[in-house]
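This report refers to the structure that appears directly beneath it.
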Amino acid sequence: MNKILNYINGIHLAPAKGEFMDNFNPATGKVYGLIPDSDAEDVALAYEAASKAFKSWKLTTLEERFKVLNRIAELIDENNDQLATAESIDQGKPQWLAKNEITRAGQNFRFFATAAMQFASESHNMEGHAINYTLRQSIGVVGCISPWNLPLYLFTWKIAPALAAGNCVIAKPSEITPMTAYLLSELCIEAGLPAGVLNIVHGLGPMVGNAMVSHPGIKAISFTGGTSTGRHIASVAAPMFKKLSLELGGKNPNIVFADCDFDKALKTTVNTSFLNQGEICLCGSRILVERSIYAKFRDALIEEVKALKVGNPLDKSTKIGAIVSRMHYDKVLSYIELAKEEGGKILLGGQAFKAEGDNADGWFIEPTIIEDLAFDCRTNTEEIFGPVVSIMPFDTEEQALEMANCTEYGLACSIWTSDLSRAHRVASNIESGIVWINCWLLRDLRTPFGGVKNSGVGREGGWEAMRFFTEPKNVCIKY
Ligand code: NDP
C-alpha cells in the first residue's frame with residue numbers, strides 16, 4: 001500500500017495527529033494508497049518552516065533561484081514516465097495524456113525559472129523634479145491550492161511563479177489526486193531546494209485548505225477550483241486583506257460558423273468536448289453550430305465520438321479514462337438525468353460505461369452528446385465537468401453570442417470561422433477571459449490566463465503571475 005507523507009521543512013513527515021485517509025484508483029474503484037489527513041497543526045508547522053526559510057530565500061540571487069527551479073524542471077522531464085503513470089493511476093486520465101501534462105509541468109518550472117531572471121519593474125520620471133522607481137518585493141509566505149483535474153500541471157503552475165518571485169510556499173494539492181505532488185517533493189529534495197522554501201501539506205479542503213486561507217501569516221492565496229469553494233475562500237480571505245487569485249469554473253461555448261474549416265472544427269471539437277473525460281476547465285461543453293451545417297456537423301461528431309475507446313487508462317489505445325472520484329461520477333450521471341428531465345435527447349452515450357477485468361468497478365461514463373435542450377436550461381448553464389456536451393443550432397451571429405454569454409461563467413471559448421472580421425467581432429463581444437479562434441488549448445505561457453464573471457478574479461501566466469506574487473513598492477526621490 002502506497003503511503004505518502006507531508007513535505008515540511010525539507011523532509012517527509014507524517015501528519016501531527018497521525019491520521020491517514022484512503023486514496024482511490026478511479027479506474028478500479030479500489031483503495032490503493034493512504035494520504036495524510038492533516039489539519040491546522042500541520043499548516044502551522046509548515047508556516048513556521050516557510051517563514052524561517054523566507055529570511056534566506058528572499059536574499060538568493062536570481063541566478064541561484066533560476067538554477068534550482070530549472071533543476072526541478074529537468075528532474076520532472078527525466079522522471080516523466082514514472083510521474084505520468086502515477087498521475088494516470090491517481091486521476092483516471094489516459095497515461096499518454098498524463099505524459100503530455102507532466103511535460104507541461106516541467107515547462108512551468110522552466111518558464112518561471114527564466115522569468116525570475118527577466119522580471120523587472122518600472123520607473124517613472126517626473127521631468128526635472130523627481131524620479132520614482134518601483135520595487136517588486138516578494139510577499140513572504142504564500143498559499144497555493146489546486147484541484148484534481150490536471151494535478152501536477154496546475155500545482156506547478158502556481159508554485160513555480162510563487163518561488164521564482166522569491167516567496168516561500170505552503171501548497172495543498174487536491175486530496176483526491178495527491179500522488180504527483182508527493183513525487184514532486186522527492187524531486188525538490190533531489191534538486192537541492194532549501195528546506196522550508198516549499199512545503200506540501202496533504203489533506204481535506206475544509207481542514208488544510210481552510211487553515212491556510214485563514215492563517216494570518218499567509219499573505220496571499222492562489223486558488224484554482226470550483227466557484228463555490230472560491231466564493232468561500234474569498235469570504236474568509238478578503239476581510240483579512242489577503243491578495244487573492246481565483247481561477248474558477250467554466251461552461252465554455254464552442255461556436256461553429258458555417259464558413260469554418262469543417263474537418264478541423266470537427267476534430268478539435270472532439271477534443272474540446274472529451275479530452276481528459278471533459279474534466280478540463282477549458283473544455284467546451286456547449287457546442288453551438290450554425291443551422292445550415294448543424295445536421296451534418298452533429299452526425300459527423302457522433303460518428304467521431306463513437307470511435308473513442310473508453311476504459312483502462314494505462315492502455316495505450318484508450319481515449320477516455322475514468323472519472324476522478326465516485327462523488328464526481330455520481331454528479332456527472334445526475335446531470336445526464338437532469339438533461340433528460342429538461343427535455344434533452346441523448347444522441348450518444350448517456351450512461352455509465354461497464355469496463356472489464358480489473359476495471360469492472362471503475363468509474364467510467366460513456367461520452368455523451370445531448371440535443372434539444374433550451375440554451376438557458378440548467379444543463380446548459382451549470383458546470384458538469386465531465387464527458388457530457390450539449391449541441392445546439394443557431395441562426396445569426398447575434399443569437400450565437402446571446403447563447404454563448406447566457407451563463408454566469410466566462411472562462412474560455414473557441415470560435416470556428418474563416419471570416420476574419422467576424423472572428424475579431426465575436427472575440428471582442430464574447431464574455432470570457434480566453435478566446436481561441438480556429439484552435440483550442442494552444443497555450444503561450446506568457447499570456448494572461450483566467451476568467452471573467454464567476455470564472456474568477458485575477459490572471460495567471462507570465463508577468464501577471466510574477467506581479468501577483470510580488471508587492472509593488474514605489475520609491476520617489478526628489479531631485
Ligand atoms: P474544489 O473547489 O472542490 O477544490 C479545489 C481545491 O480546493 C482542492 O484542493 C480542495 O481540497 C480545496 N478546498 C476545498 N474546500 C476548501 C476550503 N474550504 N478552503 C480551502 N480549500 C478548499 O474543486 P475541484 O477539485 O472539484 O476541481 C474542479 C473545479 O476546478 C471545477 O469547477 C473546474 O472548473 C475548476 N478548475 C478551474 C480552472 C481554471 O483555471 N479556472 C482549472 C482547473 C479546474 P479537497 O480536494 O480536499 O476538497
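In listed order, ligands and their atoms are each counted from 1. FYI, side chains are in, hydrogens and waters are out, and symmetry mates aren't considered; it's all heavy atoms of this structure.
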I want to check a possible cation-pi pair here: Lys354 against Phe364, using under 6.0 Å from ring centre and within 45° of the ring axis as the test.
no
Judged on heavy-atom distance to atom 14 (C) of ligand 1, which of Gly205, Gly209, Gly456, Pro151 sits nearest?
Gly205
Do any N/O atoms on Ser455 end up under 3.5 angstrom from N/O atoms on ligand 1?
no
Does the plane of the ring in Trp436 sit parallel, tilted or perpendicular to the ring in Trp440? Use 30° and 60° as the thresholds.
perpendicular
With a 4.0 Å heavy-atom cut-off (strictly under), which part of Met212 contacts ligand 1: side chain, backbone, both or neither?
neither
Which is it for Leu150 and ligand 1 at heavy atoms under 4.0 Å: side chain, backbone, both or neither?
neither
Are Glu460 and Lys158 within salt-bridge range, i.e. N to O under 4.0 Å?
yes
Indicate yes or no: does Glu471 engage Arg136 in a salt bridge with an N to O separation below 4.0 Å.
no
Is it the case that the side chains of Asn25 and Lys30 hold a donor-acceptor pair, with the cut-off being a distance below 3.5 Å and no angle test?
no
Which atoms of ligand 1 have any heavy atom of Cys281 under 4.0 Å away?
34 (O), 36 (N), 37 (C), 38 (C), 39 (C), 40 (O), 42 (C), 43 (C), 44 (C)
Apply the test salt bridge (Lys or Arg N to Asp or Glu O under 4.0 Å) to residues Lys251 and Glu382: give CA-CA distance (whole Å), side-chain angles for both, the deciding distance (0.1 Å), then the verdict.
CA-CA 7 Å; Lys251 188 75 182 176; Glu382 295 178 15; over 6 Å; no
If you count the atoms of ligand 1 from 1 in the order shown, which ones are under 4.0 Å from a heavy atom of Leu411?
41 (N)
Sequence neighbours left out, what passes salt bridge (Lys or Arg N to Asp or Glu O under 4.0 Å) with Asp37? Give chain and number order.
none
Is the charged tip of Lys319 near the ring of Trp96: under 6.0 Å from the six-membered ring centre and within 45° of its axis?
yes
Ligand 1 versus Ile145, non-hydrogen atoms closer than 4.0 Å: side chain, backbone, both, neither?
side chain
For ligand 1, which atoms sit closer than 4.0 Å to a heavy atom of His232?
18 (N)
Salt bridge present between Lys93 and Glu87 (N-O < 4.0 angstrom):
no
Asn149, portion touching ligand 1 at heavy-atom distance under 4.0 Å
side chain
Determine whether the side chain, the backbone, both or neither of Ser146 has a heavy atom under 4.0 Å from any heavy atom of ligand 1.
backbone
Just to be sure I'm reading this right: ignoring hydrogens, which of Pro206, Ser174, Ala237 gets closest to atom 46 (O) of ligand 1? Compare them by their nearest heavy atoms.
Ser174
As an exercise, identify every atom of ligand 1 less than 4.0 angstrom from a heavy atom of Leu204.
47 (O)
Please determine whether a side-chain nitrogen of the Lys or Arg among Arg104 and Glu101 lies less than 4.0 Å from a carboxylate oxygen of the Asp or Glu.
no
Residues which pass salt bridge (Lys or Arg N to Asp or Glu O under 4.0 Å) with Arg231, listed by chain and number, not counting sequence neighbours
none
Regarding Ser285 and Asn252, is there a side-chain donor-to-acceptor distance under 3.5 Å anywhere?
no
Let me know which of Trp363, Trp148, Phe24, Tyr335 forms a ring-ring contact (aromatic ring centres under 6.0 Å, His included) with His328.
Trp148
Would you confirm whether any non-hydrogen atom of the protein falls under 4.0 Å from atom 48 (O) of ligand 1?
yes
Check each heavy atom of Ile233 against ligand 1 and say whether those closer than 4.0 Å belong to the side chain, the backbone, both or neither.
side chain
Is the shortest N/O to N/O distance between Glu175 and ligand 1 below 3.5 Å?
yes
Would you kindly specify which portion of His328 sits under 4.0 Å from ligand 1, judged on non-hydrogen atoms: side chain, backbone, both or neither?
neither
Counting heavy atoms only, which of Phe155, Trp157, Phe385 comes nearest to atom 28 (C) of ligand 1?
Phe385
Please indicate whether any nitrogen or oxygen in Phe223 is less than 3.5 Å from any nitrogen or oxygen in ligand 1.
no
Per-atom filter on ligand 1: closer than 4.0 angstrom to a heavy atom of Phe449 are 40 (O)
Does Gly203 reach ligand 1, in the sense of a heavy atom lying below 4.0 Å from it?
yes
Give the atoms of ligand 1, by number and element, whose distance to some non-hydrogen atom of Thr229 is under 4.0 Å.
1 (P), 2 (O), 3 (O), 13 (N), 14 (C), 15 (N), 16 (C), 22 (C)
Looking only at distance, does Lys172 have an N or O less than 3.5 Å from an N or O of ligand 1?
yes
Min N/O separation Pro147 to ligand 1 under 3.5 Å:
no
Within the 4.0 Å heavy-atom shell around Gly226, which atoms of ligand 1 are there?
1 (P), 2 (O), 23 (O), 29 (C), 30 (O), 32 (O)
Are any of the side-chain nitrogens in Glu41 or Lys17 under 4.0 Å away from the carboxylate oxygens of its partner?
yes
Has ligand 1 got any nitrogen or oxygen that is less than 3.5 angstrom from a nitrogen or oxygen of Leu248?
yes
Going by the 4.0 angstrom heavy-atom rule, the piece of Leu154 near ligand 1 is side chain
